[in-house]
Amino acid sequence: MSAYRIPFNRPVLMGNELQYMAEAVRQGKISADGEFTKSCQSLLESLIGAPRVLLTTSCTHALEMCALLLSCGPGDEIIMPSFTFPSTANAFVLRGAVPVFVDIRADTLNLDENLIEGAVTSRTKAILPVHYAGVACEMSPIMELASHHDVAVIEDNAHGLLGSYEGKALGTFGCLATQSFHETKNIACGEGGALVVNDESLFERAEVIRQKGTNRSRFFRGEVDKYTWVDVGSSYGLSDILAAYLQAQLEAATTIQQRRQDIWQRYYEGLSPWAERVGISLPEVPSNRQQAYHMFYLLLPSEEARRGLILHLKKRGILSVFHYIPLHLGEFHQGAMGRLPVTERVSERILRLPFYNDLDVDSQDYVIDCLGEFLC
């Protein structure tokens, strides 16, 4: 039970989660690739218009699969933002590749597409845009640049399921994309993820990598008379119990997204006058994209102001959090060191507000009222 009147996050049952989990047990198939896994994969393919989806144990593991599928190795470079979770880089560092960090835009906090060209070298293997807060990166110029240099695009879409850019679903631009169903995400199953395979020539190998490097999937489909070790791989399949939970969440996707849109809009409208008065910036969403309503954040004037606001809210029983410590400033930094001024300024000033699927109006109004008491 949270010690806070208003927690930062709270997992919420949206329908048939517990019934489906019990059904998975009754069916006698609770490891990966049971009926709920297959159903979830089909649902996701339909929801975003992707040719192939494979459920994974996490978004982190889906990223690791991307590194394996592109045969990333020592000396390869992956262009990405430093303003992201360590998993984005770790998946490639594990293969010996080097993250090349590019600064972010000051408006959307996404990878600055205007700086990518200067980071491309003969060793560039892929460009990895992260759709921060579920607001799309500028995918048209990124895709054009990647095509010009003949490098892959991998979308880290952990925040962006059901968001879109110019009418096209996030997660369907790159040859590969990853999704997260961690408990903090809009649609969740505790721990889980998915690999989206948009280049179908990569799908057969993706199945092998996910099945511990074996052609077990082909065996179960009757395509081979036995299965054996044919490639590198690991145990990346999601338990069917968690897939059962996820199935219920995916079935409620429309309801979830509408609730989160209402919460986001209430924050934006309720906080705009205060934010303008005290010099705090609210999220920006360009008109040519549909956001996923994953989070609501504030950009404070300074790190000192952020510390003050966190304490102010804590005293009133409200938990607010911040992220990320930029990867290029971390103790395990990999790659060439350089200053990323926008990333560093944002990291010092950003604050995320409570945001979960059943955050009710009274609780949200309380948060808004408490924020309105604070003067930077």
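Numbers here simply count residues along the sequence, with the first being 1. Any value given below was found using the heavy atoms of this structure, including those in side chains, with hydrogens, waters and symmetry copies removed.
Going from atom CG of Leu115 over to atom CD1 of Ile79 covers 10.5 Å, rounded to the nearest 0.5 Å. Atom SG of residue Cys72 and atom CD1 of residue Ile154 lie 6.0 Å apart, to the nearest 0.5 angstrom. One finds the OG1 atom of Thr124 at 8.0 Å from the NE2 atom of His149 (value rounded to the nearest 0.5 Å). In this structure, the separation between NE2 on His294 and CG on Asn157 is 10.5 Å, given to the nearest 0.5 Å. Atom NE2 of His61 is separated from atom CG of Leu195 by 13.0 Å, given to the nearest 0.5 angstrom. Between atom NZ of residue Lys125 and atom CG of residue Leu70 there is a gap of 7.0 Å, rounded to the nearest 0.5 Å.
In terms of hydrophobic clustering, with Ile, Leu, Val, Met, Phe, Trp and Tyr side chains grouped at heavy-atom distances under 4.5 Å, Val151 and Leu145 are assigned to a common cluster.
Under the 3.5 Å distance criterion, the side-chain polar atoms of Asp103 are matched with a main-chain donor or acceptor of Val342. Glu17 places a side-chain N or O within 3.5 Å of a backbone atom of Met14 that can act as its donor or acceptor partner. The closest donor-acceptor contact from the side chain of Thr56 to the backbone of Ala194 lies under 3.5 Å. Proximity of a side-chain donor or acceptor of Gln249 to a complementary backbone N or O of Val12 within less than 3.5 Å is detected. No side-chain donor-acceptor contact under 3.5 Å links Arg349 to the backbone of Glu344. Judged by distance alone, the side chain of His131 and the main-chain N or O of Ala136 form no donor-acceptor pair under 3.5 Å. Under the 3.5 Å distance criterion, the side-chain polar atoms of Asn186 are matched with a main-chain donor or acceptor of Ala292. At least one donor-acceptor pair closer than 3.5 Å links the side chain of Asp240 to the backbone N or O of Gly34. The main-chain N or O of Phe374 is found under 3.5 Å from a side-chain atom of Trp274 such that the two form a donor-acceptor pair. Between the side chain of Ser347 and the backbone N or O of Tyr324 there is at least one donor-acceptor pair closer than 3.5 Å.
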- Query: Can you list the steps and then say if Leu128 with Phe92 is a side-chain contact (heavy atoms from CB on, under 4.5 Å)?
  - Reply: CA-CA 11 Å; Leu128 207 165; Phe92 300 90; 3.3 Å; yes
- Task: Check step by step if salt bridge (Lys or Arg N to Asp or Glu O under 4.0 Å) holds for Arg210 and Glu207.
- Result: CA-CA 5 Å; Arg210 182 173 169 273; Glu207 280 192 317; over 6 Å; no
- Item | Audit row: Ser320, Leu309, side-chain contact (heavy atoms from CB on, under 4.5 Å) steps and yes/no | CA-CA 9 Å; Ser320 56; Leu309 182 52; 5.9 Å; no
- Item | Check against salt bridge (Lys or Arg N to Asp or Glu O under 4.0 Å), Asp358 and Arg10 | CA-CA 8 Å; Asp358 66 347; Arg10 180 168 63 202; 3.3 Å; yes
- Query: Could you go step by step and tell me if Leu109 and Tyr297 meet the side-chain contact (heavy atoms from CB on, under 4.5 Å) rule?
  - Reply: CA-CA 11 Å; Leu109 313 189; Tyr297 62 82; 3.7 Å; yes
- Should Glu204 and Arg52 be marked as a salt bridge (Lys or Arg N to Asp or Glu O under 4.0 Å) after you check the CA-CA gap, both sets of side-chain angles, and the distance that decides it? CA-CA 10 Å; Glu204 184 174 329; Arg52 300 281 195 164; over 6 Å; no
- Hey, mind stepping through Ile209 and Ser234 against side-chain contact (heavy atoms from CB on, under 4.5 Å) and telling me if it holds? CA-CA 6 Å; Ile209 289 170; Ser234 192; over 6 Å; no
- Query: side-chain hydrogen bond (donor to acceptor under 3.5 Å, both in side chains) between Asp360 and Gln364: does it pass, once the steps are laid out?
  - Reply: CA-CA 6 Å; Asp360 60 78; Gln364 193 176 8; over 6 Å; no
- When you look at Glu45 and Gln41, which way does the side-chain hydrogen bond (donor to acceptor under 3.5 Å, both in side chains) test go after all the steps? CA-CA 6 Å; Glu45 289 165 0; Gln41 289 173 171; 5.7 Å; no
- Please report the C-alpha distance between Asn198 and Thr172 in whole Å, then the side-chain angles of each, then the deciding distance to 0.1 Å, and finally whether the side-chain hydrogen bond (donor to acceptor under 3.5 Å, both in side chains) criterion is met. CA-CA 6 Å; Asn198 296 309; Thr172 63; 5.6 Å; no
- Message: Determine whether Arg307 and Glu304 satisfy the following criterion, salt bridge (Lys or Arg N to Asp or Glu O under 4.0 Å), listing intermediate values before the conclusion.
- Response: CA-CA 5 Å; Arg307 284 196 297 269; Glu304 181 182 10; 5.5 Å; no
- Task: Decide yes or no on side-chain hydrogen bond (donor to acceptor under 3.5 Å, both in side chains) for Thr178 and Glu155, but give the supporting numbers first.
- Result: CA-CA 6 Å; Thr178 63; Glu155 294 172 80; over 6 Å; no
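The cationic group of Arg5 lies under 6.0 Å from the six-membered ring centre of Tyr366 and within 45° of the ring axis, placing it in a cation-pi geometry. Annotation: cation-pi pair Lys168/Phe173 present, NZ/CZ under 6.0 Å from the ring centroid and within 45° of its normal. Relative to the six-membered ring of Phe322, Arg306 meets both conditions, a distance below 6.0 Å and an angle of at most 45° to the axis.
The aromatic ring centres of Phe85 and His182 sit 6.0 Å or more apart. Between Tyr20 and Tyr245, the gap from one ring centroid to the other reaches at least 6.0 Å.
For Glu183, the salt bridge (charged side-chain N to carboxylate O under 4.0 Å, His left out) criterion is met by no residue, not counting sequence neighbours.
Judged by distance alone, the side chains of Gln247 and Ser39 do bring a donor and an acceptor atom under 3.5 Å apart. Between the side chains of Glu348 and Ser302, not a single donor N or O lies within less than 3.5 Å of an accepting N or O. For the 3.5 Å distance criterion, the side chains of Tyr165 and Gln290 fail to qualify, holding no donor opposite an acceptor. Glu23 and Gln19 form no side-chain donor-acceptor contact under 3.5 Å, judged by distance and modelled atom types alone.
Tyr267 and Phe355 have tilted rings, their planes meeting at an angle from 30° to 60° on a 0 to 90° scale. Taking the six-membered ring for Trp and thresholds of 30 and 60 degrees, Trp264 and Tyr293 have ring planes more than 60 degrees apart, a perpendicular arrangement.
Among residues at least two apart or in separate chains, salt bridge (Lys or Arg N to Asp or Glu O under 4.0 Å) pairs with a member in residues 280-300 are Glu138-Arg289.
The closest side-chain heavy-atom distance from Leu44 to Leu250 is below 4.5 Å. In this structure the side chain of Thr84 reaches within 4.5 angstrom of the side chain of Asp156, judged on heavy atoms. In this structure the side chain of Asn215 never reaches within 4.5 angstrom of the side chain of Lys226, judged on heavy atoms.
Salt-bridge check for Arg205 with Asp231: passed, with a basic side-chain N closer than 4.0 Å to an acidic carboxylate O. The pair Asp365-Arg266 meets the salt-bridge criterion, since a charged nitrogen lies less than 4.0 angstrom from a carboxylate oxygen. Electrostatic pairing of Glu113 and Arg105 counts as a salt bridge here, judged by a charged N lying under 4.0 Å from a carboxylate O. Taking the charged nitrogens against the carboxylate oxygens, Arg221 and Glu223 do have a contact shorter than 4.0 Å, which makes a salt bridge.
Summarising the local packing, CD of Glu276 is surrounded by 12 or fewer heavy atoms from other residues, nucleotides or ligands at distances under 6.0 Å.
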